[in-house]
Number of protein chains: 2
Amino acid sequence: MSSKFAQMSTSFAEENYLKIIYRLSEGHDDDISTNAVAELTQTKAASVTDMLRKLAEKGWVHYQKYQGVRLSPAGEKIALGIVRKHRLWEVFLVEKMGFNWDEVHEIAEQLEHIESDSLIEKLDAFLEFPKTDPHGDPIPTKNGVMPELGYLHLSDIKANKRCVLMGVAKDSAVFLQLLTKMQLSLGAALHVEEVNAFDRSISVSIDNAPAVFISHEVAKNILVKLT
Amino acid sequence: MSSKFAQMSTSFAEENYLKIIYRLSEGHDDDISTNAVAELTQTKAASVTDMLRKLAEKGWVHYQKYQGVRLSPAGEKIALGIVRKHRLWEVFLVEKMGFNWDEVHEIAEQLEHIESDSLIEKLDAFLEFPKTDPHGDPIPTKNGVMPELGYLHLSDIKANKRCVLMGVAKDSAVFLQLLTKMQLSLGAALHVEEVNAFDRSISVSIDNAPAVFISHEVAKNILVKLT
DNA sequence: AATATTTTTTAGTTGGGTCTAAAAAAATAA
DNA sequence: TTATTTTTTTAGACCCAACTAAAAAATATT
């Protein structure tokens, strides 16, 4: 019954797990714990164990019990496809529909599961092949390659350096709304005037305005490029 | 636990049933049979019985066993919301993404379940408040009113009358592709030159070209307005 | 090294939405 | 009006994806 060319299809739930395992794997190559996955999927660890076994059977993850999980090449390809769709839809929502950057995540979580290759390629063209989403995150190519942008965390910038805000490392609505309130948006020119040893907060001038304080917690989640 | 203001949410499957019951109810007020629903939902009659009981419990349909089903006002409101989303997304797919009218149905079947009121209102504005979808079907208003367009079936037009093609009563891809092949698209000027008694086919001149034959089966599914 | 704690897995349920097979009701034909 | 056929419903089962409670493994502590 099963053919070499069988086109295995992915359920909504499976796609979510693969996407979350991908997110948790970015930037290192340790295996991911069951609990970590449970937290992001908003499910219980027991449910995760079940699903990991199923994903492993389908060849999308490597999973040994008690040892954690990581994506197989096939699983990573699926995950990158979901992330590509998610980010392209976010661009659409902001650029064409007029949403703010803090409003698009939930809607894109739904749109990322729409299944149509031709739609996503046409959408890409319609948006003029954006390289990044509204939060500065790179959009994987249709061949499943995630561009590496190599940005730095604002929290790692030394005093007296200048940089440009290129992205955020977190897209919760409250965080983004705070940035907006502080005049921190993509492309903003930042000048780190001082790093305060006491609480690791920094004094930053935004677009040449008088410097304001930015907490370490916020700075950690802001991505910049030195200028 | 349950509040007067509880916002009951609809599953994918429930939305499909409500939409299909709506489709089957258009134009008359007889109750719909279990089998009719089963055919369109691509499920078995037994599954339909189950679901109708559930929909009735939630107050979205009136259902007495063995007596058929019809939408309640609440159910009709939900159904019209789905149809509205389906048709707006179809306009988007054709007008903005460059799909042909025979390619959009399946994708819109997925997009119609995306849940975001603000998205659909923004989409409506982005598309400049279209009145009809790419097949000429009216788009329900956001208040849940289905505009009545009052078109005639081409099969009912008398010889020697002129009319304009305003819509189609069927959106299967093969049917739409045939129309395209015959140069029959929305807005085409039609002149019914003859009605052939033998097979009820008609001879029609399209945009002043020499007349061609159109079968009764095709003519039945073409909607026109006399000029 | 032995014990306590945390993490993960197993076992057994549940709910949603489907199915098949068989029974019951309604519609049709004799 | 009775018998036959068709339609619909019931009963019992399955799969998916979640859950809780309890057991087992891994990790941390004394």
Side-chain angles (χ1 to χ4, degrees), chain A residues 1-2 6-21 24-25 30-70 75 78-79 82 109-110 112-113 115, chain B residues 1-2 6-21 24-25 30-70 75 78-79 82 109-110 112-113 115:
Chain A
M1 207 50 200
S2 80
Q7 162 86 16
M8 218 182 295
S9 75
T10 49
S11 71
F12 200 98
E14 288 167 342
E15 291 185 354
N16 271 332
Y17 275 92
L18 293 174
K19 176 187 68 176
I20 277 162
I21 296 167
L24 289 168
S25 304
D30 304 327
D31 287 8
I32 305 304
S33 77
T34 300
N35 263 355
V37 176
E39 197 175 336
L40 289 220
T41 50
Q42 310 252 59
T43 60
K44 296 300 158 84
S47 314
V48 173
T49 299
D50 252 30
M51 181 58 97
L52 294 185
R53 214 176 12 72
K54 277 192 271 182
L55 295 176
E57 251 164 52
K58 297 199 176 188
W60 296 330
V61 300
H62 297 294
Y63 168 63
Q64 307 259 65
K65 52 175 158 168
Y66 297 105
Q67 300 309 124
V69 68
R70 66 177 189 285
I78 295 169
I82 304 296
E109 293 266 295
Q110 299 180 60
E112 73 191 4
H113 301 289
E115 191 183 301
Chain B
M1 208 49 198
S2 79
Q7 164 85 18
M8 218 183 294
S9 77
T10 50
S11 72
F12 199 98
E14 288 167 342
E15 291 186 352
N16 270 332
Y17 275 91
L18 293 174
K19 175 186 69 176
I20 277 162
I21 296 166
L24 289 168
S25 303
D30 303 327
D31 287 7
I32 306 304
S33 77
T34 300
N35 264 354
V37 176
E39 198 175 336
L40 288 220
T41 50
Q42 310 253 59
T43 60
K44 295 303 156 82
S47 313
V48 173
T49 299
D50 254 30
M51 182 57 97
L52 294 185
R53 215 178 10 75
K54 278 191 269 183
L55 295 176
E57 251 164 51
K58 298 199 174 188
W60 296 329
V61 301
H62 296 293
Y63 169 62
Q64 306 262 63
K65 53 173 154 170
Y66 297 106
Q67 300 310 121
V69 68
R70 68 176 189 285
I78 296 169
I82 304 296
E109 294 266 295
Q110 299 180 62
E112 72 190 7
H113 301 289
E115 192 183 300

[atom1] of [X] versus [atom2] of [N]: gap in Å, rounded?
{"X": "A/K54", "N": "D/dC15", "atom1": "NZ", "atom2": "P", "value": "11 Å"}
{"X": "A/E14", "N": "D/dA18", "atom1": "CD", "atom2": "P", "value": "10 Å"}
{"X": "B/R53", "N": "D/dT9", "atom1": "CZ", "atom2": "P", "value": "10 Å"}
{"X": "A/Y66", "N": "D/dA25", "atom1": "OH", "atom2": "C1'", "value": "5 Å"}
{"X": "A/D50", "N": "D/dT20", "atom1": "CG", "atom2": "P", "value": "14 Å"}
{"X": "B/Q64", "N": "D/dT8", "atom1": "CD", "atom2": "C1'", "value": "14 Å"}

Are any side-chain N or O atoms of [X] and backbone N or O atoms of [Y], one a donor and one an acceptor, separated by less than 3.5 Å?
{"X": "A/E15", "Y": "A/A79", "answer": "no"}
{"X": "B/T41", "Y": "B/V37", "answer": "yes"}
{"X": "B/E14", "Y": "B/S11", "answer": "yes"}

Practice problem: Answer yes when A/K19 and A/E112 have at least one side-chain N-carboxylate O distance shorter than 4.0 Å, and no when they do not. | Solution: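 So A/K19 pairs with A/E112 through a salt bridge.
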
Quiz item: Given C/dT18, is OP1 or OP2 found less than 4.0 Å from the side-chain N or O atoms of B/K44?
Solution: no

Quiz item: Under 4.0 Å between a side-chain N/O of B/Y63 and OP1 or OP2 of D/dT9, yes or no?
Solution: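 Answer yes for this pair, as a side-chain N or O of B/Y63 is under 4.0 Å from OP1 or OP2.
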
